[in-house]
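To start, the structure itself, in structure tokens.
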Amino acid sequence: MKKIFMRMVVLTIFTSLLFSTMVIAEESKVTWQSYNGKRIGVLTGTLMEGIAKEYFPDSEHLYFNSNGDCNAAILAGKIDAFLADEANMKMLHMEQPSINYIPDKITSQDCAFAFRKNDEKSAALCKEFSEFIKRLKADGTMQTIENIWMGKDEDLKVVDMSGLVGSRGTLKVVTTSSDMPWSYIKDGKNVGYDIDLIVRFCREKNYGLELTDMDMSGRIPAIQSGKFDFSTDMNVTKERKEQVLFSEPTYAGGIVLAVLSKDLEEDSQATSTPSFFDELGASFHRTFIKEGRYNLFLSGVLTTVLITLSSIILGTILGLLIYMGCRTGKRIAKWFAKAYVWFVQGMPAIVLLMILYYIVFARVEIGGTLVAVIAFSLVFGSGVYGMLTTGVGAVDYGQTEAAYALGFGDYHAFFKIILPQALPHCLPSFKSEVVSLVKATAIVGYIAVQDLTRMGDIVRGRTYEAFFPLISVAAIYFLLGGILRTIIGFIEKKVNPKNRNREQILKGARLHD
């Protein structure tokens with residue numbers, strides 16, 4: 001009996017110790033609830049905003065435009081964690097092992113394509129697409145597509161867009177090209193889970209396809225404006241159902257909390273880390289060389305230059321025309337000029353850009369690049385009008401009287417006598433306006449224009465790195481501004497009367513005689 005009693009005591013002690021160890025281990029396990037009260041990154045324009053307020057009420061919420069931004073913020077120590085889609089995080093962890101996620105989902109969410117609400121044509125398209133998705137689910141194709149885009153075999157992640165004849169018209173689809181695995185850029189082409197589905201649908205139903213990249217926050221307004229037929233996958237919520245019409249769900253996902261891998265128990269073991277220069281070289285390769293991503297930057301530069309130069313030329317012409325109209329002395333011309341300057345300069349350029357894109361030209365078939373040129377031409381034109389007003393005002397009126405005395409008409413007197421003397425007063429401000437315009441074009445990504453800044457964002461969303469994409473974008477803007485400043489500085493020296501000899505100054509008067 002004594003031996004049995006001793007065995008029971010030992011067994012009891014062992015069981016207690018084992019249970020205590022299990023409890024301690026369970027308590028020490030990292031959970032998303034333990035991050036309430038810490039700094040949480042949130043994607044703007046997504047359901048993460050509501051989730052952050054509901055599940056992390058004591059946290060400081062910091063808002064970002066993409067997962068790439070959140071990635072950079074957590075690596076820099078700006079945030080402790082960020083909310084993300086589970087499928088996004090699987091891809092991010094493969095690309096950036098130093099970031100992982102807590103596997104327990106905060107919420108479960110269906111993903112679906114979004115169509116315009118209260119529109120018969122859009123409703124019919126949504127129904128057709130939903131029936132297509134149901135059939136793919138039934139025959140197992142959806143699972144095959146999921147295995148491809150959620151898997152690790154990069155050779156399978158290809159979308160063939162050839163053969164889209166478009167006999168039933170072209171579908172205009174708005175997407176986000178930095179949203180792995182749903183829609184992103186690979187080897188300079190649009191690929192992803194959503195893109196694969198859309199291409200299969202278009203090929204089977206004889207539609208053409210036109211893809212446009214846009215930030216998540218702008219996709220619903222873009223659909224509602226009628227500029228696009230539908231949007232790629234987004235999480236289905238009650239609030240969004242009131243704004244758009246959702247298709248049959250394409251993926252059952254959820255929202256998880258992304259954290260640094262070192263903060264998770266399973267990743268706490270120390271591993272060898274590459275040297276600074278090795279990591280720098282690898283980062284450079286991922287940003288520029290891999291998949292030919294330098295071509296994205298080149299494409300963005302060309303778009304930025306196109307918008308800038310077009311806006312400078314058209315804005316200068318517009319400002320000059322308005323000023324010439326005011327010189328006639330007509331009250332209506334002066335009233336129009338004041339109203340125009342007040343309207344354009346009274347609001348931020350991004351607001352003007354979005355008003356033109358989503359309201360004024362909502363039903364007009366013009367692209368975002370043209371809208372951007374119109375917007376910045378208006379902004380630059382108001383600046384040119386102000387420069388001319390100041391510059392011409394600095395020229396003594398006696399110059400005008402002298403021109404009239406020499407027999408010049410009003411038109412010739414202005415362009416041959418007054419304007420050349422006013423330009424030295426105008427060009428320094430003109431130079432500053434041009435440099436400001438180059439930098440101001442960085443906002444055109446809000447209306448689906450893939451300029452330099454937007455391309456940098458796409459690369460960051462693909463590599464989940466901030467250093468080289470941001471530094472290279474900044475360097476290119478410095479270079480563009482410097483080139484334009486040098487060109488205008490050269491013109492400034494050429495038109496300055498102080499740099500002209502007496503023969504050049506009197507040439508016009510002699511020809512007139």
Does Y446 have more than 12 heavy atoms from other residues, nucleotides or ligands lying within 6.0 Å of its OH?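 Check fails, neighbour count at 12 or below.
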
Residues in salt bridge (charged side-chain N to carboxylate O under 4.0 Å, His left out) with [X], at least two apart?
X: E248; value: K137
X: R116; value: D119
X: E131; value: none
X: R39; value: D80

Geometric cation-pi criterion K439 and Y477, 6.0 Å radius, 45° cone: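 Pair K439/Y477 does not count as cation-pi.
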
K38 to Y35, cation-pi by 6.0 Å centre distance and 45° axis angle: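 Ring-cation test returns yes.
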
Scan for salt bridge (charged side-chain N to carboxylate O under 4.0 Å, His left out) pairs involving residues 143-166, sequence neighbours excluded, and state none if there are none.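 Those involving residues 143-166 are E154-K157, E154-K186.
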
Which word best sums up how the rings of F288 and F284 line up, parallel for under 30°, tilted for 30 to 60°, or perpendicular for over 60°?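 Correct class here is tilted.
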
Does the plane of the ring in F129 sit parallel, tilted or perpendicular to the ring in F113? Use 30° and 60° as the thresholds.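 The arrangement is tilted - the two ring planes meet at 30° to 60°.
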
State, with a plain yes or no, whether a side-chain heavy atom of V30 is found less than 4.5 Å away from one of V259.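 Side-chain contact under 4.5 Å: no.
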
Would you indicate whether the side-chain heavy atoms of S34 and T31 approach each other to under 4.5 Å?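 Answer yes - side chains close enough.
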
Check I223 against A114 and note the closest heavy-atom contact, atom names and distance.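 I223 and A114 have their closest heavy atoms at CD1-O, 3.7 Å.
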
Give me the atom names and distance for the closest heavy-atom approach of M48 to D85.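 M48 and D85 have their closest heavy atoms at CE-N, 3.7 Å.
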
Looking at V191, I198, L197, N190, which hits side-chain contact (heavy atoms from CB on, under 4.5 Å) with V159?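 Of all the options given, the one that passes is V191.
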
Hey, what do you get for CZ (F468) to CG (L470), rounding to the nearest 0.5 Å?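 Going from CZ on F468 over to CG on L470, the span is 12.0 Å.
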
Using atom types as modelled, flag every donor-acceptor pair under 3.5 Å from a side chain in residues 359-368 to any protein atom, sequence neighbours excluded.
from: E365; atom 1: OE1; to: K172; atom 2: NZ; distance (Å): 2.3

